[in-house]
Amino acid sequence: MKQEEATDPGIVFVWDLDETLIIFQSLLTGKYADLEGLDEKRRAEALKLGEQWEKLILDISDTAMLFEQVEEFDQPSIGHVAENDDGASLDDFDFGELNLKKPLTDAGKQKLAYLYRHIQALYAKGATHLLTGDKRGEWQGLYAATDRFTKGWLFAGRRLLAECATARLNSSGQTDPNRTAGPGSDSAGEGGLPPLGKRTVVLVSSGQLIPTLTKCLLFRLDPWIDPANVYSSKVVGKLQCFKWIRERFGGGNAETRFCAVGDGVEEQAAARMMSWPFLRVASGLDPDMSLPKIRLEQLTDLLADVKSKT
Ligand SMILES: [Mg+2]
């Protein structure tokens, strides 16, 4: 068994964030209303929800997550400056006085690495820790209203991530309804099915890193997304991020399988370049591909397809 687990190549799910796992930009721009053919009243509701999210995300990013100070220095991932972190205690560190300057020196990178460590600690505590008093109630109301307005889009994102992280696949890459999902129960059970193997959820967003982490918290995706597995493609592009992800998670095993999910042409083209199967999320014109309609089986079918061709 041990040997079988050690050689299991694992699966890496590479998710886009905006208008894929979450929805708010297209509420703000009117694109969602256009695609769904909404009337003026509903269009105004969409705009209001989008504006409220934008304000909340910027507010929490700038204040609690300290983005304002490091906006120009934000990295493609936490790992980019991790080696500059010497592990010093941050108890007395003043994050209000980072004073970073370009070009970023080693000392500057160290401050940034400290900040990311601090943010990881905040992330681990969850959004309820960041939002107090009236703000917490406002956020909870906004989340519920947006989920209702988008026909369960936000809930669907969380459900799919949970399934990606824990559902079981059989040897042909299909989900096995007879197996119970759950982390920590990876060994093969009755029936001699192969072990679950390693599942990894990675996020690649075109937004900057700290605001992306803020969104993960506010949209309640944090239970399934490790902040160290979040990438910002804003400066380097999606293809570069995908290459880093392949190197990091598949470097030691050419059999590791990757599957990308997104709504944009950039991630679609990048996935094609990597020869990864890609699932395109949409709404409106293709309602069957809106997130609430998508099932994990569509991802596992894509993976099984690739496997049967190799
Ligand atoms: Mg997107």
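Just so you know, these numbers come straight off a predicted model, no measurement behind them. We count ligands from 1, going down the list as the structure has it; atoms in each ligand are counted the same way. Below, all heavy atoms of this structure are taken into account, side chains as well, without hydrogens, waters or symmetry copies.
- Between the side chain of Trp15 and the backbone N or O of Val201 there is no donor-acceptor pair closer than 3.5 Å.
- Relative ring orientation between Trp153 and Tyr32 is described as perpendicular, the plane-to-plane angle rising above 60° on a 0-90° scale split at 30° and 60°.
- Electrostatic pairing of Glu45 and Arg42 counts as a salt bridge here, judged by a charged N lying under 4.0 Å from a carboxylate O.
- When atom types are taken as modelled, the side chain of Ser232 and the backbone of Gly207 share a donor-acceptor pair closer than 3.5 angstrom.
- Listed by chain and number, the protein atoms of type N/O/S under 2.8 Å from the Mg ion (ligand 1) are Asp16 OD2, Asp18 O, Asp263 OD1; waters are omitted.
- Between Lys151 and Glu36, at least one side-chain N (NZ, or NE/NH1/NH2) sits under 4.0 Å from a carboxylate O, which counts as a salt bridge.
- In the hydrophobic clustering of ILVMFWY residues, with side-chain heavy atoms under 4.5 Å counting as a link, Ile11 and Leu296 come out together.
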